[in-house]
Amino acid sequence: TVQFADNNYTVTVHDGVGNVLVARPPAGNYTLTVSFAGDENHTNATNSTVVSVDAKPTNMILTIDDDSLFVGDAVSITAYLMSLNKTLSNVSLELVINGTTFPIVSGVAFEQVMASAGEYDVVARFNGNEYYAASQANVSFSVAQLTPSVVVSAGDMLYDEDQTIV
């Protein structure tokens with residue numbers, strides 16, 4: 001009998017070797033206990049060890065669609081959570097822009113109209129869960145002030161006369 005992660009498995013032994021396939025347990029440390037009830041030629045025996053199950057590694061990819069933004073432009077920010085070269089979809093992430101946190105989903109673009117000029121720091125963060133390790137990525141971008149176009153039009157004027165200037 002094999003006991004692992006609160007499950008018991010009955011194992012058939014062939015030539016002194018038994019195999020068991022266990023369901024994917026969450027990350028953590030587990031006691032693995034193997035027990036042999038004994039038979040007419042062998043006494044009973046039990047042995048245990050601690051097995052560590054690690055969370056799968058992750059990598060955060062963070063992209064910004066445009067690097068020349070002006071006040072009033074919309075910025076599109078997308079964060080992708082990857083694990084072992086596969087994109088993880090439907091995973092909840094946090095997007096932090098200059099200290100303000102927005103909940104987003106991996107692979108779904110977040111759009112924000114930029115109301116103020118300045119430098120913006122962005123952090124995409126996954127806090128990890130029972131199967132995947134935590135990950136984050138950082139990027140910065142700038143939003144430039146708009147340059148107004150000023151046009152002046154006026155005709156010649158005579159002294160002491162009103163004139164319209166556009």
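The shortest side-chain heavy-atom distance between S89 and T87 does not fall under the 4.5 Å cut-off. Residues L69 and S142 are not in side-chain contact: their nearest non-hydrogen atoms beyond the backbone lie 4.5 Å or more apart. Between N7 and V22, every side-chain heavy-atom pair lies at or beyond the 4.5 Å cut-off. Between K56 and L84 the shortest side-chain heavy-atom distance falls below 4.5 Å. For the pair L93/M60, a side-chain contact is recorded, criterion being any heavy-atom separation below 4.5 Å from C-beta on. The shortest distance between side-chain heavy atoms of N138 and V122 does not fall below 4.5 Å. With contacts defined as side-chain heavy-atom distances shorter than 4.5 Å, the pair V113/D73 does not qualify.
A ring-centre distance under 6.0 Å is not found for F126 and Y132. A distance below 6.0 Å separates the ring centres of Y30 and F4.
In this structure, Q3 CD and L32 CG are separated by 9.0 Å, a value rounded to the nearest 0.5 Å. Taking CZ of F110 as the reference point, atom CD1 of I64 lies at 11.5 Å (rounded to 0.5 Å). Here the OG1-CG distance, from T58 to L88, works out to 8.0 Å after rounding to the nearest 0.5 Å. One distance of note links CG of D121 with OG of S140; it measures 4.0 Å at 0.5 Å rounding. Considering CE of M82 and CG of N59, their distance stands at 7.5 Å, rounded to 0.5 Å. Within the model, atoms OG of S135 and CG of L62 stand 10.5 Å from one another, a figure rounded to the nearest 0.5 Å.
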* Asked: Could you walk me through whether V108 and T78 pass the side chain to side chain contact (heavy atoms under 4.5 Å, CB included) check?
  -> CA-CA 6 Å; V108 177; T78 306; over 6 Å; no
* To do: Output, in order, the C-alpha distance, side-chain angles, deciding distance and verdict of side chain to side chain contact (heavy atoms under 4.5 Å, CB included) for Y120 and M114.
  => CA-CA 10 Å; Y120 291 84; M114 304 312 296; 3.4 Å; yes
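The shortest non-hydrogen separation linking Q145 to V71 is CA-CG2, 4.3 Å. Across every non-hydrogen atom of D54 and S52, the tightest pair is OD1-OG, 3.4 Å. Considering all non-hydrogen atoms of both residues, A27 and A55 come closest at CB-N, 3.5 Å. Scanning both residues, P57 and S83, for their nearest heavy atoms gives O-OG, 2.8 Å. Closest heavy-atom contact between A124 and A79: CB-CB, 3.7 Å. In terms of heavy-atom proximity, N98 sits nearest to E119 at ND2-O, 3.2 Å.
F36 and V11 fall into different hydrophobic clusters, where Ile, Leu, Val, Met, Phe, Trp and Tyr residues are linked whenever their side-chain heavy atoms come under 4.5 Å apart, directly or through other members. When the side chains of ILVMFWY residues are joined at heavy-atom separations under 4.5 Å, either directly or via intervening members, Y80 and I104 end up in two distinct hydrophobic clusters. Residues Y9 and V53 share a hydrophobic cluster, clusters being chains of Ile/Leu/Val/Met/Phe/Trp/Tyr side chains in contact below 4.5 Å. When the side chains of ILVMFWY residues are joined at heavy-atom separations under 4.5 Å, either directly or via intervening members, I61 and V105 end up in two distinct hydrophobic clusters. F70 and V143 fall within a single hydrophobic cluster, where Ile, Leu, Val, Met, Phe, Trp and Tyr are joined by side-chain heavy atoms under 4.5 Å apart, directly or via other members.
For N44, the CG atom counts as densely surrounded, since its 6.0 Å shell holds more than 12 non-hydrogen atoms of other residues, nucleotides or ligands. Within 6.0 Å of CG in D15 there are 12 or fewer heavy atoms belonging to other residues, nucleotides or ligands. More than 12 heavy atoms of other residues, nucleotides or ligands lie within 6.0 Å of CG in N8, so this atom counts as buried by the packing criterion.
Tested against I77, the residues V139, I97, T63 include a single side-chain contact (heavy atoms from CB on, under 4.5 Å) partner, I97.
Between the side chain of N47 and the backbone N or O of V34, no donor-acceptor pair lies under 3.5 Å.
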